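Everything numeric in this text was worked out from a predicted model, so none of it was measured.
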Amino acid sequence: MSPASSHALKHPPVTAPSEPAGADSDFPELAVAIDKQRRRGRGAQSNASGRFEAEARVAFDDGWQSLEELPPFKTTVGVDTSRKVITRNESPDIGFDRSINPYRGCEHGCVYCFARPTHAYLGLSPGLDFESKLFAKPDAPALLEKELAATGYEPRMIAIGTNTDPYQPIERERKIMRGILEVLERAGHPVGIVTKSALVTRDIDILARMAKRNLAKVGISVTSLDPKLARTMEPRASTPPKRLEALKQLSDAGIPTTVMVAPVIPALNDSEIERILDAAAHAGVKEASYVLLRLPLEVRDLFREWLMANYPDRYRHVFTLIRDMRGGRDYDAKWGERMKGTGPMAWTIGRRFEIACDRLGLNKRRSKLTTDHFARPKRNGDQLSLF
């Protein structure tokens with residue numbers, strides 16, 4: 001297989017949004033889509049090879065109807081043997097410099113997930129592999145305790161859920177996230193959580209105790225209140241009503257909560273900004289944020305495939321607006337602009353969000369976490385203090 005043909009298979013030609021849309025032949029991406037029955041309950045349409053692979057592999061019918069014999073994609077969980085669990089970053093666009101991800105890959109299957117390209121580092125596809133071939137970090141609580149006990153460690157808020165969801169379905173049995181929270185509570189270490197899952201309410205007992213000492217806050221992403229759109233776009237995440245109920249339970253327990261309207265997708269869910277904020281405010285939420293759709297690396301083509309398959313009539317309009325907010329490109333990773341975009345449409349979305357927050361009394365005060373309670377965990381062999 002030549003390099004040129006390999007590249008063509010991994011990144012098939014894309015019909016520009018300005019061209020007329022018609023039959024499937026106008027959409028080359030649909031030709032590489034996996035059969036619906038094999039990917040039932042999944043977000044991505046295809047499973048193209050990762051960008052670091054020398055060869056690309058695609059399924060094709062050899063005339064013996066062998067494709068009908070292929071099994072559906074099932075979730076498998078491997079073990080991640082990383083020796084460290086805290087990841088550092090220097091991005092000026094986010095309010096934290098360290099994070100933890102208990103899992104690699106995410107079964108929620110959100111088609112727009114900006115973390116999908118990370119699966120390419122494992123030699124796997126950012127498509128269906130990302131949501132079906134998962135990796136858990138069972139040693140995460142023990143590794144975290146060891147890192148917190150290091151002599152040179154300086155405490156600052158740890159963010160969890162910034163890459164993959166810590167409360168995705170496999171957490172019900174694995175309980176790695178709960179183990180991490182137990183370590184953080186013992187150490188008096190602040191934590192900020194982001195999730196799309198109502199499973200976070202399982203840990204209200206720990207989070208409520210931490211919140212009393214200003215050690216915990218939780219953000220829940222509500223992308224749409226439309227059940228059909230939510231199920232199509234985020235097939236295995238909690239339903240919108242369950243997320244709103246989770247926000248209410250967390251707020252009632254005294255845990256600072258944030259509703260995240262993320263991502264905002266023009267001509268798809270941007271009309272719901274005010275409704276989402278209103279529903280969250282009635283659930284007791286006091287803070288809100290939003291993030292514009294991001295399409296880095298393979299996410300662009302995966303989102304295009306999904307949009308063509310589910311909302312072909314909106315394809316050209318959505319991408320025209322995206323490019324209007326990204327300097328004429330599908331994505332601009334420039335710091336300071338990648339989260340909100342630029343141009344009149346981006347300004348309008350931001351202004352609508354601000355007006356709605358003002359009307360609902362959101363973001364009047366920002367919850368602040370503290371490191372005053374931090375107590376470095378004892379390491380094996382440490383001498384006990386006499387005082």
Side-chain angles (χ1 to χ4, degrees), residues 91-97 99 155-162 184 188-198 200-201 203-204 206-225 238 240-265 269-293 336-342 345-373:
S91 172
D93 288 332
I94 49 182
F96 57 87
D97 67 352
S99 60
R156 289 189 65 182
M157 185 195 78
I158 289 178
I160 305 181
T162 57
L184 294 174
H189 196 292
V191 62
I193 300 170
V194 176
T195 182
K196 287 187 178 72
S197 175
V200 65
T201 58
D203 295 334
I204 280 181
I206 299 177
L207 294 170
R209 292 194 300 267
M210 295 183 72
K212 287 182 179 179
R213 298 194 291 164
N214 294 323
L215 291 175
K217 60 182 179 181
V218 178
I220 294 184
S221 173
V222 182
T223 315
S224 173
L225 298 180
S238 295
K242 284 188 175 292
R243 294 186 220 181
L244 292 171
E245 177 59 27
L247 284 168
K248 185 177 189 306
Q249 291 184 36
L250 293 165
S251 298
D252 290 347
I255 302 164
T257 56
T258 300
V259 61
M260 305 174 67
V261 187
V264 174
I265 306 174
N269 73 340
D270 64 307
S271 62
E272 297 189 68
I273 292 175
E274 290 82 0
R275 291 179 57 221
I276 293 172
L277 293 175
D278 185 69
H282 280 82
V285 172
K286 301 300 181 184
E287 298 180 33
S289 65
Y290 81 96
V291 178
L292 187 66
L293 174 69
E337 297 180 1
R338 58 180 181 158
M339 300 295 191
K340 307 295 184 184
T342 58
M345 182 66 179
W347 181 90
T348 300
I349 288 174
R351 188 62 184 139
R352 284 174 51 202
F353 177 85
E354 293 171 357
I355 291 173
C357 286
D358 287 343
R359 175 174 57 82
L360 296 168
L362 299 174
N363 294 335
K364 296 298 183 183
R365 292 181 58 189
R366 292 283 188 178
S367 58
K368 294 184 178 181
L369 304 183
T370 181
T371 59
D372 293 345
H373 304 293

Minimum heavy-atom separation for [X] and [Y], please, with both atom names.
X: T371; Y: P190; value: CG2-CG, 3.9 Å
X: K340; Y: Y290; value: NZ-O, 2.6 Å
X: L247; Y: A280; value: CD1-CB, 4.4 Å
X: S224; Y: P240; value: O-CG, 3.1 Å
X: A346; Y: G341; value: CB-C, 3.7 Å
X: G254; Y: A211; value: O-CB, 3.6 Å

Item to check | side chain to side chain donor-acceptor pair (under 3.5 Å): pairs with one or both residues in residues 209-221, sequence neighbours excluded | outcome: E185-R209
side-chain hydrogen bond (donor to acceptor under 3.5 Å, both in side chains) partners of [X], counting only residues at least two apart:
X: S251; result: T257
X: T342; result: none
X: K248; result: D252

Sequence neighbours excluded, which residues qualify as side chain to side chain contact (heavy atoms under 4.5 Å, CB included) partners of [X]?
X: A288; answer: V259, L277, F353, C357, L362, N363
X: E354; answer: R351
X: P263; answer: Y112, T223, I265, L293
X: T201; answer: I204, A246, Q249

Quick one: [atom1] on [X] to [atom2] on [Y], what's the gap to the nearest 0.5 Å?
X: I220; Y: L244; atom1: CD1; atom2: CG; result: 8.5 Å
X: E272; Y: L225; atom1: CD; atom2: CG; result: 5.5 Å
X: M345; Y: D270; atom1: CE; atom2: CG; result: 4.5 Å
X: L184; Y: I193; atom1: CG; atom2: CD1; result: 8.5 Å
X: M157; Y: K368; atom1: CE; atom2: NZ; result: 13.5 Å
X: L215; Y: H373; atom1: CG; atom2: NE2; result: 5.5 Å

Item to check | Residue R156 excluded, over 12 heavy atoms near CZ under 6.0 Å | outcome: no
Looking at residues at least two apart in the chain, or sitting in another chain, which of them share a salt bridge (charged side-chain N to carboxylate O under 4.0 Å, His left out) with [X]?
X: D93; value: R338
X: D372; value: none
X: E245; value: none
X: D358; value: none

Item to check | Pair R366-E287, side chain to side chain contact (heavy atoms under 4.5 Å, CB included): steps then yes or no | outcome: CA-CA 7 Å; R366 292 283 188 178; E287 298 180 33; 3.6 Å; yes
Next on the checklist: Side chains of V200 and V218, heavy atoms from C-beta outward: is any pair under 4.5 Å?
Outcome noted: yes
Item to check | Polar side-chain atom of S238 near backbone of A198 as donor-acceptor pair, under 3.5 Å | outcome: yes
